[in-house]
Structure formats: C-alpha cells, structure tokens
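Computed from a predicted model, the values in this text were never measured in an experiment.
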Amino acid sequence: MAIATLGKQIDIHTGGVDNMATHHNGEIAQCESATGKQFSRYWMHSEHIQIDNERIAKSAGNGITLRSLFEEGYSALEYRYWLLTSHYRSPANFSLTALMASKQAFTKLRRYMFEDWAHTKGRPSPTYQQAFVNAVNDDLNTAKVIALAFEVAKDEKLTPGEKRATILEFDAVLGLGLDADPTDGLALLGHIATNSLPEEVQALIDQREVARIARNWSEADRLRLVVQQKGYELEDTAEGPRVSKV
C-alpha cells in the first residue's frame with residue numbers, strides 16, 4: 001500500500017512502539033527485498049498512552065473515546081494540545097485532571113492570541129525562531145515548543161506584535177488553530193458578538209455603559225449583576241465591554 005501510494009522510498013514512517021520488532025521489520029524485509037532500495041529514511045514510533053496509570057485494554061474496559069471527551073466539554077484542539085505537551089517517544093498518562101490543566105494552559109495561550117494581541121503587528125523574533133527550529137529538529141520535541149510559546153508570551157523584551165508573529169510561526173507546525181480570525185477565536189473562548197445578544201441583555205449593557213461613563217459605579221455594578229443573572233459575563237476592555245456566557 002505504501003509503495004502504491006508513495007513510491008518505492010518514503011521519508012517518514014510512523015507507528016506505535018509495539019510495531020517495531022515484528023511488523024515494521026517485516027515491512028522493511030519485504031519492501032527492500034522487492035525494490036533493492038532503502039524503504040524509509042526515518043522511523044517515528046510513538047509510546048503508548050495510559051489512562052490513570054493503567055494500560056488501555058478492552059478487557060479492562062478503560063478506553064475513552066473522543067466522543068466521550070466532547071461530552072465532557074473538551075474539543076479536539078484541546079485534546080491535541082494535551083498530546084503535544086509530551087514527547088511522542090515518552091509514555092503519556094491520560095486523566096481528566098491532566099486534560100483540564102492542559103485546557104487551562106491552552107485557554108491562556110488563546111487569550112493572548114485572540115484578546116491581548118489580536119490586532120497587533122510585528123515580525124517573529126529571530127532568537128525564538130532558531131530555538132523553535134532546534135526543538136523541532138530535536139526529534140520533533142513538541143513539548144519544548146509549547147514551553148517556548150509561553151517563554152515568548154512572558155518575554156518583556158518583545159512587543160505584543162512580535163510575540164503574536166513568533167507564536168504563529170510555531171503554530172504552523174503545532175496546528176492548534178491560533179491563526180484563526182480573531183472573531184472566531186473569541187467565539188472559541190466563549191465571547192459573544194453584541195449583535196447576537198438578546199435585545200433585553202443588550203439594552204442592559206448599554207445602560208451600564210452610560211452609568212460607567214457617568215462614573216455611577218454603584219449603578220454599573222448593579223447592572224453587571226443583572227446581566228450576570230441573565231447568563232452573561234461582562235469584562236471591561238479598552239474596546240468596550242466583552243461578553244461571554246456564564
């Protein structure tokens with residue numbers, strides 16, 4: 001199948017560590033005997049994922065499907081982020097607690113990209129670009145790249161635009177959707193466009209803005225609480241109130 005699809009030689013062959021000794025050696029023997037050429041230049045074998053420190057097995061009944069994670073409130077990108085925080089050759093231990101912690105870190109990164117730096121411009125940092133290349137060339141060390149992204153975010157020597165541009169370069173490999181349109185990115189974070197709010201809620205928000213401009217803080221706080229009771233959270237920003245579902 002590989003030869004029919006990709007040719008007599010391929011660059012990268014992936015698979016689980018359990019395929020190394022028998023299945024992949026069998027592939028090499030068959031393909032190289034038939035073609036007289038090296039079958040694959042690189043082999044990338046992933047270690048197993050455990051669940052709560054136990055091996056996943058049908059007999060144990062401890063498997064978790066992506067559908068069940070969606071039902072728990074997690075997205076495919078959040079699960080992908082969790083996978084990328086460990087090296088593919090290292091065993092990973094899955095738990096909902098670990099996934100929640102990973103989701104919180106990913107949300108922080110999304111907030112940087114879609115809230116704090118959404119409309120900034122700049123060029124990637126050459127220093128971090130090289131560090132990124134080194135990490136990728138270090139046997140696809142995605143965990144190191146994730147750590148680098150947060151180093152970039154905290155680096156006070158970089159402008160917001162430089163931070164955003166640098167992390168976007170990282171995301172070209174990570175594939176975490178950080179290059180999404182800011183409006184779509186805010187929607188992923190639960191923010192709601194004001195033109196899609198119920199008229200009653202929008203009216204309350206408008207009244208609160210009038211109270212804020214008049215520095216009537218007690219009335220502004222009261223109206224914020226009323227909006228919250230309607231199921232919406234308000235966050236004051238330089239661009240105006242930001243609305244999200246409670």
Side-chain angles (χ1 to χ4, degrees), residues 64-85 94-121 146 149-150 152-156 158-161 163-164 167-168 171 174-246:
I64 294 179
T65 65
L66 286 175
R67 183 180 297 277
S68 67
L69 293 182
F70 296 156
E71 291 171 353
E72 291 282 346
Y74 297 98
S75 70
L77 283 177
E78 287 161 351
Y79 177 68
R80 179 182 178 85
Y81 179 90
W82 175 78
L83 287 172
L84 292 170
T85 58
F94 177 87
S95 69
L96 288 178
T97 300
L99 186 58
M100 173 57 77
S102 184
K103 177 177 180 176
Q104 290 171 345
F106 185 35
T107 297
K108 183 180 292 186
L109 197 56
R110 279 173 156 173
R111 287 189 182 280
Y112 287 138
M113 298 298 286
F114 300 130
E115 293 181 355
D116 299 346
W117 313 329
H119 303 292
T120 61
K121 293 183 179 181
I146 294 289
F150 282 98
V152 170
K154 296 175 183 178
D155 193 334
E156 296 181 356
L158 300 179
T159 67
K163 293 178 181 182
R164 184 173 185 274
I167 292 176
L168 283 177
D171 197 50
L174 298 176
L176 290 170
L178 298 176
D179 61 344
D181 180 271
T183 300
D184 295 334
L186 288 173
L188 289 171
L189 289 168
H191 296 301
I192 301 170
T194 54
N195 59 9
S196 65
L197 289 169
E199 290 184 10
E200 178 188 11
V201 173
Q202 184 58 63
L204 289 167
I205 294 173
D206 292 342
Q207 290 172 34
R208 181 174 177 275
E209 280 301 287
V210 171
R212 270 173 30 86
I213 292 171
R215 297 182 176 273
N216 187 346
W217 307 124
S218 60
E219 177 65 4
D221 288 343
R222 185 189 71 80
L223 289 166
R224 178 198 285 273
L225 183 59
V226 174
V227 170
Q228 190 175 56
Q229 290 170 344
K230 301 275 183 192
Y232 298 89
E233 192 71 52
L234 290 179
E235 179 183 354
D236 296 319
T237 73
E239 292 78 31
R242 185 174 288 153
V243 188
S244 57
K245 288 287 287 184
V246 175

Of all heavy-atom pairs between [X] and [Y], which one has the smallest distance, and what is that distance?
| X | Y | value |
| --- | --- | --- |
| A105 | Y81 | CB-OH, 3.7 Å |
| G73 | K103 | O-NZ, 3.0 Å |
| R212 | A220 | CG-CB, 3.9 Å |
| L99 | W82 | CD1-CB, 3.8 Å |
| A76 | F70 | N-CE2, 3.6 Å |

Rounded to the nearest 0.5 Å, how far does [atom2] of [Y] lie from [atom1] of [X]?
| X | Y | atom1 | atom2 | answer |
| --- | --- | --- | --- | --- |
| T107 | M100 | OG1 | CE | 9.0 Å |
| R208 | R222 | CZ | CZ | 11.5 Å |
| E209 | I205 | CD | CD1 | 8.5 Å |
| L204 | Y232 | CG | OH | 11.5 Å |

Taking side chain as C-beta onward, heavy atoms only, is [X] less than 4.5 Å from [Y]?
| X | Y | value |
| --- | --- | --- |
| R224 | D236 | yes |
| L176 | L84 | yes |
| L66 | S68 | no |
| T159 | T120 | no |
| W117 | K163 | yes |
| Q228 | L234 | no |
| R80 | L174 | no |
| S102 | Y74 | no |

| query | Tell me, which pairs form a salt bridge (charged side-chain N to carboxylate O under 4.0 Å, His left out) where one or both residues lie in residues 197-207, sequence neighbours left out? | reply |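 Found E200-K230.
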| field | Pairs involving residues 64-76, ordered by first then second residue, that meet salt bridge (charged side-chain N to carboxylate O under 4.0 Å, His left out) (sequence neighbours left out) | value | none
| request: For L69 and L96, run side-chain contact (heavy atoms from CB on, under 4.5 Å): C-alpha distance rounded to whole Å, both residues' side-chain angles, the deciding distance at 0.1 Å, then the answer. | output: CA-CA 9 Å; L69 293 182; L96 288 178; 4.0 Å; yes
| request: Using atom types as modelled and distance alone, determine if a side-chain donor or acceptor of D179 lies under 3.5 Å from a backbone N or O of L168. | output: no
| task | Start with the C-alpha gap between W217 and R215, add the side-chain angles, then the distance that decides, and say whether side-chain contact (heavy atoms from CB on, under 4.5 Å) holds. | result | CA-CA 5 Å; W217 307 124; R215 297 182 176 273; 3.7 Å; yes
| field | CA sep, side-chain torsions, deciding dist, call: L178, Y112, side-chain contact (heavy atoms from CB on, under 4.5 Å) | value | CA-CA 10 Å; L178 298 176; Y112 287 138; over 6 Å; no
| field | Whether F94 and Y79 hold their rings parallel, tilted or perpendicular, with breakpoints at 30° and 60° | value | perpendicular
| query | Taking it one step at a time, do L109 and I167 satisfy side-chain contact (heavy atoms from CB on, under 4.5 Å)? | reply | CA-CA 10 Å; L109 197 56; I167 292 176; 4.2 Å; yes
